[in-house]
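These numbers come from the heavy atoms of this one structure, side chains and all, not from hydrogens, waters or symmetry mates.
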Amino acid sequence: MSKIYLEVQVPGNAKTYEFTADNGMSVGKVKKQFIAQISAVENRDIFADAAEVLFCSSRLEGLLQDHEILSEVGVSSGDTVILL
């Protein structure tokens with residue numbers, strides 16, 4: 001596993017964040033970590049229901065499923081993901 005750097009856009013609060021993740025992690029696990037970290041930084045819940053948050057890749061032009069592994073679907077360092 002190696003670290004990848006991702007830009008994470010959250011249209012719900014019109015902000016962008018930068019995170020690192022292991023490329024061998026599942027989308028679901030990464031998404032949960034990002035949501036927890038964003039909520040901690042903002043000192044409030046940004047998403048009404050974390051289970052309903054969608055993880056989108058700008059470069060791959062689509063939604064990623066929670067069971068998919070970042071490296072297996074082609075997410076790489078420098079990519080932008082969007083949490084909706």
Side chains of residues 75-84: which donor-acceptor partners sit under 3.5 Å, not counting sequence neighbours?
residue: Ser77; atom: OG; partner: Tyr5; partner atom: N; Å: 3.0
residue: Asp79; atom: OD1; partner: Arg59; partner atom: NE; Å: 2.9
residue: Asp79; atom: OD2; partner: Arg59; partner atom: NE; Å: 3.3
residue: Asp79; atom: OD2; partner: Arg59; partner atom: NH2; Å: 3.0
residue: Asp79; atom: OD2; partner: Ser76; partner atom: N; Å: 2.9
residue: Thr80; atom: OG1; partner: Glu7; partner atom: OE2; Å: 3.3

Problem - Worked verdict on Asp22 versus Lys3 for side chain to side chain contact (heavy atoms under 4.5 Å, CB included) - result: CA-CA 5 Å; Asp22 288 324; Lys3 294 281 185 191; 3.5 Å; yes
Exercise for the section: Output the distance between atom OH (Tyr17) and atom CD (Gln37), rounded to the nearest 0.5 Å. Expected result: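 Reported to 0.5 Å precision, the distance equals 11.5 Å.
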Practice task
Give, for atom CE of Met25 and atom NZ of Lys31, the distance between the pair rounded to the nearest 0.5 Å.
Solution key: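 Reported value, rounded in 0.5 Å steps: 13.0 Å.
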Problem - Residues that Lys15 engages under salt bridge (charged side-chain N to carboxylate O under 4.0 Å, His left out), provided they are two or more places apart - result: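 Partners of Lys15 by the salt bridge (charged side-chain N to carboxylate O under 4.0 Å, His left out) criterion, ordered by chain and then number, come out as Glu42.
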Handout entry: Nearest heavy atoms of Phe34 and Thr20, plus distance in Å
Key =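 Residues Phe34 and Thr20, closest heavy atoms: CE2-O, 4.3 Å.
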Handout entry: Closest heavy-atom pair and its distance - Ile38, Val10
Key =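 So the minimum-distance heavy-atom pair works out to CD1-CG2, 3.8 Å.
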Please list every donor-acceptor pair under 3.5 Å in which a side-chain atom of residues 43-57 meets a protein atom from a residue at least two apart or in another chain.
residue: Asp49; atom: OD1; partner: Ala51; partner atom: N; Å: 3.1
residue: Ser57; atom: OG; partner: Leu60; partner atom: N; Å: 3.1

Problem - Val8 side chain near Thr16 side chain, heavy-atom distance below 4.5 Å - result: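 Result no, sub-4.5 Å side-chain heavy-atom pair not found.
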Practice task
Could you point out which residue of Asp66, Leu64, Ile69 forms a side-chain contact (heavy atoms from CB on, under 4.5 Å) with Ser26?
Solution key: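 Answer to the side-chain contact (heavy atoms from CB on, under 4.5 Å) test with Ser26 among Asp66, Leu64, Ile69: Ile69.
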